[in-house]
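What follows is a short report on a single structure.
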Amino acid sequence: MSETNDQRRAAHLVETDWLAEHLKDPNIRIVDMRGYVTLKTLDNGQQESIYSGARKDYEQGHIPGAIYLDWTKDIIDENAPIAVQVAGAEKLAKILGEAGIGDEHTVIAYDSHPANQFATRLWWVFRYAGHSNLKVLNGGFKKWQSENRPLETEVPHYPPAKFTVNIQPQWRVTAEELAAKLGDNSVKLIDARDEGQYSGTIRRSGRAGRIPGAISLPREELVDENALFKPSAEIDQILSEKIKAEPGERIIAYCNGGVAATTVLFALSMTGRDNVLSNYDGSWNEWGDREDLPVEI
């Protein structure tokens, strides 16, 4: 029996009412993923992204029981030449296990981003690591706060747990793998950046433009003004009308640093396409700087 849209949505998202009722559930770990991407415009007109965590925000108040993970430190490979690339298996197992997140736990991630992109980044990291036990708080911290729900400043400490990592390589593609698929009609390439970057009027990295053949789908189109994910039927409609993705066709998403793309992948996963979704983790931070890779404007 195949899953319905509602069942798939429930496997991806939790609402604030549900979380409020499960705050003391020992089988749940809540993770605060708040962070920032700020922009600096250089003298040559190029935009530079500055990545940072938001631990101070967490310390000033967070959902009771939540632990904090810094998306710029805890889940990345700090030795990679490209910024904020996903960490390897050993580091993920160590960091998550030491935080008290085990194989037996259901993880609820939240942030305060308008498109939930740091929470969905952790969701993608879990899928890449072989776990499907992470859900995103719909509407995130801002919705929780707007409903006057409880906050705390105490930092919880959970006993270490065993987090088993079984890397699922299909969830991540490299520049070389993507370059080999350009022009393949069975692959849909989605650009999750804003229209200015997609068209080339705004430049980040060394070059302006997009990866050839990419379809523009800014992550904001998948959420409403309150950071709530749109109904699955609307996401399905976007897939059929804008992406024109047929069942079974591989879908690869990218952005600047492989983070905004995860909002798109998360939304598409709610349509039952887990087995065909991939993130180009290097994204424009890598592609835009490599003169050996083609660009389209």
Side-chain angles (χ1 to χ4, degrees), residues 1-23 25 27-33 63 66 105-144 146-147 149 168 170-171 188 190 192 217-253 259-279:
M1 182 177 175
S2 61
E3 285 186 312
T4 65
N5 277 345
D6 287 345
Q7 288 171 324
R8 285 193 294 266
R9 191 175 180 89
H12 286 74
L13 290 169
V14 297
E15 304 299 329
T16 50
D17 285 345
W18 184 94
L19 185 57
E21 294 173 0
H22 291 81
L23 287 178
D25 189 331
N27 296 313
I28 286 176
R29 292 289 183 264
I30 306 169
V31 179
D32 188 314
M33 286 295 296
I63 295 176
H105 295 121
T106 296
V107 177
I108 310 299
Y110 71 88
D111 62 27
S112 56
H113 189 274
N116 305 280
Q117 69 175 24
F118 303 115
T120 60
R121 175 68 175 183
L122 188 63
W123 167 86
W124 173 77
V125 168
F126 267 56
R127 291 300 174 100
Y128 176 64
H131 287 260
S132 58
N133 57 339
L134 185 146
K135 302 181 183 184
V136 171
L137 178 63
N138 203 16
F141 184 75
K142 289 182 178 178
K143 186 171 191 291
W144 182 273
S146 72
E147 295 168 347
R149 297 188 185 273
Q168 304 296 304
Q170 72 276 12
W171 278 96
K188 300 296 185 185
I190 298 177
L217 179 57
R219 63 192 182 280
E220 293 84 2
E221 292 189 15
L222 298 166
V223 294
D224 66 16
E225 64 276 8
N226 297 311
L228 298 170
F229 279 90
K230 291 183 177 178
S232 297
E234 289 187 34
I235 296 171
D236 268 328
Q237 188 174 6
I238 289 172
L239 268 174
S240 60
E241 294 181 359
K242 189 166 187 176
I243 309 302
K244 296 181 172 60
E246 299 294 334
E249 283 188 327
R250 191 172 186 189
I251 299 173
I252 301 173
V259 179
T262 64
T263 298
V264 172
L265 294 172
F266 179 85
L268 299 189
S269 180
M270 286 192 284
T271 69
R273 287 174 166 82
D274 266 12
N275 61 326
V276 297
L277 299 177
S278 300
N279 183 18

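Ser278 and Arg250 share a donor-acceptor pair across their side chains, judged by distance under 3.5 Å alone. Gln117 and Thr263 share no donor-acceptor pair across their side chains, judged by distance under 3.5 Å alone. Side chains of Lys143 and Thr16: a donor-acceptor N/O pair is present below 3.5 angstrom, by distance only.
Put simply, the side chain of Leu239 does not reach to within 4.5 Å of the side chain of Glu249, judged on heavy atoms. With contacts defined as side-chain heavy-atom distances shorter than 4.5 Å, the pair Leu265/Thr120 does not qualify. Side-chain contact between Val31 and Ile108 is absent, with no heavy-atom pair separated by less than 4.5 Å. Residues Ser132 and Arg127 are in side-chain contact: their nearest non-hydrogen atoms beyond the backbone lie under 4.5 Å apart. A heavy-atom distance below 4.5 Å is not found between the side chains of Leu277 and Ile252. Using a 4.5 Å cut-off on side-chain heavy atoms (C-beta onward), Val264 and Leu217 make contact.
Side-chain N or O atoms of Asp25 include one that pairs as donor or acceptor with a backbone N or O of Asn27 at under 3.5 Å. Looking only at distances, a side-chain donor or acceptor of His113 sits under 3.5 Å from a matching main-chain atom of Ala115. Distance alone, capped at 3.5 Å, places no donor-acceptor pair between the Asp17 side chain and the Ala20 backbone.
Of all the heavy atoms in Ala267 and Leu222, the pair that sits closest is CB-CD1, 3.8 Å. The minimum heavy-atom distance linking Tyr110 with Ala66 is given by the pair OH-CB, 3.7 Å. Val136 and Leu134 get closest at one heavy-atom pair: CG2-CD2, 4.3 Å. Summarising the geometry of Ser269 relative to His12, their closest heavy-atom pair is OG-NE2, 2.7 Å, with the distance given to 0.1 Å. Taking all atoms of both residues into account, the shortest heavy-atom contact from Arg219 to Ala260 is CD-CB, 3.4 Å. Residue Phe141 comes nearest to Ser112 through the heavy atom pair CB-CB, 4.3 Å, listed as atom of the first residue, atom of the second, then distance.
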Could you go through the side-chain contact (heavy atoms from CB on, under 4.5 Å) check for Asp32 and Ile63 one step at a time? CA-CA 8 Å; Asp32 188 314; Ile63 295 176; over 6 Å; no
From CA spacing to verdict: side-chain contact (heavy atoms from CB on, under 4.5 Å), Met270, Leu13: CA-CA 9 Å; Met270 286 192 284; Leu13 290 169; 3.8 Å; yes
I would like to know whether Asp236 and Lys230 meet salt bridge (Lys or Arg N to Asp or Glu O under 4.0 Å); could you show each step before the answer? CA-CA 10 Å; Asp236 268 328; Lys230 291 183 177 178; over 6 Å; no
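To the nearest 0.5 Å, atoms CZ (Arg149) and CH2 (Trp144) are separated by 5.5 Å. For the atom pair NZ of Lys135 and CZ of Arg9, the computed distance is 13.0 Å after rounding to the nearest 0.5 Å. Atom NE2 in His22 sits 5.5 Å away from atom CD1 in Ile28 (nearest 0.5 Å). Between the NE2 atom of His131 and the CD atom of Gln168 there is a distance of 9.5 Å, given to the nearest 0.5 Å. Here CG of Leu137 is found 8.5 Å from CD1 of Ile30. Values are rounded to the nearest 0.5 Å.
The side-chain contact (heavy atoms from CB on, under 4.5 Å) test with Arg121 is passed by exactly one of Asp111, Asn116, Asn279: Asn279. Checking Phe126, Phe118, Trp171, Phe229 one by one against Phe266, the ring-ring contact (aromatic ring centres under 6.0 Å, His included) holds for a single residue, Phe229.
The salt bridge (charged side-chain N to carboxylate O under 4.0 Å, His left out) search around Lys242 returns Glu221, not counting sequence neighbours.
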